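Below is one structure; the comments refer to it alone.
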Amino acid sequence: MSVDGEVGRLKSEEDERGWEVDPDDDWGLAVVATVGRQLKLRREAVGMRAGKFGEAVGYGEDMIYKLESGKRIPRPEFLDKADEVLGAGGLLSAMKEDVEKVRYPKKVRDLAGMEAKAVELLTYGNHNLHGLLQTEEYAWALLRTRRPVPPEEELAQAVAARMARKAIYERSPAPELSFVLEETTLRRPVGGKMVWRRQLEHLLGVAQLRNVEIQVMPMDRWDHPGTGGRIQVLKFVDGTAVGRMDDEFNGRPVHDPKQLRILELRYGIIRAEALTARESLTFIEQLVGET
């Protein structure tokens with residue numbers, strides 16, 4: 001029997017915070033409803049009552065009903081255990097991939113989907129490191145600065161979603177990735193000295209990839225359009241693109257070629273003002289030496 005905190009105690013809704021379904025996420029609602037229906041059909045097919053099934057998998061009866069009705073997102077380990085108990089032959093376990101995606105906020109899934117299709121990414125950040133460059137411990141430290149402090153499960157969900165986006169580095173053919181980072185961002189010891197140092201070392205490793213270019217904008221170079229906030233442009237194989245900038249077009253994603261040209265013009269100026277990739281690598285190495 002699966003327990004949480006004390007022997008024999010079945011998991012309840014209180015133990016599963018952060019596993020609610022976003023009511024505005026139509027795809028997520030459909031996935032969880034489908035899983036719930038399959039779960040109920042399999043349970044009834046073997047003639048097992050909800051309470052008895054709950055005892056077998058370590059959940060309270062009320063939680064089983066919520067999972068079967070699509071009101072809660074099932075944990076991957078729950079689906080594995082349910083598959084075993086109900087003799088589903090892998091059917092329930094096979095649903096883990098889609099279910100895990102449901103836990104990621106819709107806007108994060110949408111972003112990850114676009115990054116997965118992009119052949120080129122241009123990004124400038126003036127406050128924090130881009131999510132694709134963050135180590136897991138750095139991401140945890142950064143997200144824990146949010147106020148009010150989110151539940152630990154919600155933070156875990158956000159970190160997992162951010163780390164999942166790194167699949168972009170494993171794509172073939174590899175997309176071209178260009179990052180311009182502010183010096184202040186690199187000097188801020190997020191998470192403490194050792195987390196910060198390991199983050200800098202990680203940047204050095206990523207910068208060695210042939211399809212990645214990392215540039216640093218020195219603090220004394222202020223006369224560039226990046227003072228208006230973050231810029232990101234994603235280009236796709238069919239020639240289309242999407243981009244956004246904090247202080248332009250109300251911060252919304254844009255697809256219009258004229259608007260995209262404005263963002264690319266600004267990004268081009270920023271890259272020209274920043275240190276070259278080679279100079280930036282040397283700069284980050286110096287920072288590591290200082291920590």
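Here, residue 1 is the first one in the sequence, and each next residue gets the next number. Since the structure is predicted, the reported quantities are computational estimates derived from the model, not experimental observations.
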To the closest 0.5 Å, what do you measure between [atom1] ([X]) and [atom2] ([Y])?
| X | Y | atom1 | atom2 | answer |
| --- | --- | --- | --- | --- |
| Leu265 | Leu260 | CG | CG | 12.5 Å |
| Leu122 | Ile231 | CG | CD1 | 9.5 Å |
| Thr135 | Glu201 | OG1 | CD | 10.5 Å |
| Glu183 | Met219 | CD | CE | 3.5 Å |
| Thr227 | Trp222 | OG1 | CH2 | 9.0 Å |
| Lys81 | Leu86 | NZ | CG | 10.5 Å |

Whether the side chain of [X] engages the backbone of [Y] through a donor-acceptor N/O pair (distance < 3.5 Å, no angle test) should be reported.
| X | Y | result |
| --- | --- | --- |
| Asp83 | Gly90 | yes |
| Tyr169 | Val206 | no |
| Arg221 | Glu273 | yes |
| Glu120 | Lys235 | no |
| Trp196 | Leu186 | yes |

Verify same cluster id: [X], [Y] (apolar side-chain graph, 4.5 Å):
| X | Y | result |
| --- | --- | --- |
| Met194 | Leu200 | no |
| Leu275 | Val288 | yes |
| Val216 | Leu287 | yes |
| Leu204 | Val212 | yes |
| Leu177 | Phe236 | yes |

| Would you call Asp246 and Arg244 a salt bridge, using N to O less than 4.0 angstrom? | yes
May I ask you to say whether Arg171 pairs ionically with Glu115, meaning some side-chain N is under 4.0 Å from a carboxylate O?
no
Checking Glu182, Arg230, Arg266 against Tyr124 for side-chain hydrogen bond (donor to acceptor under 3.5 Å, both in side chains), the one that qualifies is Glu182
In His202, Arg162, Gln199, Arg165, the residue satisfying side-chain hydrogen bond (donor to acceptor under 3.5 Å, both in side chains) with Gln134 is Arg162
State, yes or no, whether a side-chain contact exists between [X] and [Y] at a heavy-atom distance under 4.5 Å.
| X | Y | value |
| --- | --- | --- |
| Leu281 | Arg278 | no |
| Leu133 | Tyr138 | no |
| Val46 | Phe53 | no |
| Tyr59 | Arg72 | no |
| Tyr65 | Glu68 | yes |
| Pro175 | Ile168 | yes |
| Ile270 | Met217 | yes |
| Phe179 | Leu129 | no |

| request: Decide if atom CZ of Arg49 counts as having more than 12 heavy atoms of other residues, nucleotides or ligands within a radius under 6.0 Å. | output: no
**Request:** Mark yes when over 12 heavy atoms from residues, nucleotides or ligands other than Lys166 sit less than 6.0 Å from its NZ; otherwise mark no.
**Result:** yes
Only one of Leu263, Ile262, Val242 passes side-chain contact (heavy atoms from CB on, under 4.5 Å) with Val254, and that residue is Leu263
Applying side-chain contact (heavy atoms from CB on, under 4.5 Å) to Leu203 and Leu181, what does each step give before you reach the verdict? CA-CA 11 Å; Leu203 288 177; Leu181 317 174; 4.3 Å; yes
Under the side-chain contact (heavy atoms from CB on, under 4.5 Å) criterion, do His255 and Thr240 qualify, and how do the steps go? CA-CA 8 Å; His255 301 81; Thr240 61; over 6 Å; no
Quiz prompt | Ile73 and Val35: CA distance, side-chain angles, deciding distance, side-chain contact (heavy atoms from CB on, under 4.5 Å) verdict | solution = CA-CA 9 Å; Ile73 305 172; Val35 174; over 6 Å; no
With Glu137 as partner, the option from Arg144, Arg197, Arg198 fulfilling salt bridge (Lys or Arg N to Asp or Glu O under 4.0 Å) is Arg198
Quiz item: Does the side chain of Gln232 pick up a donor-acceptor pair with the side chain of Tyr267 at under 3.5 Å?
Solution: no
Verify side-chain contact (heavy atoms from CB on, under 4.5 Å) between Arg188 and Asn128, making sure each step is shown before the conclusion.
CA-CA 9 Å; Arg188 186 176 296 121; Asn128 292 314; 4.0 Å; yes
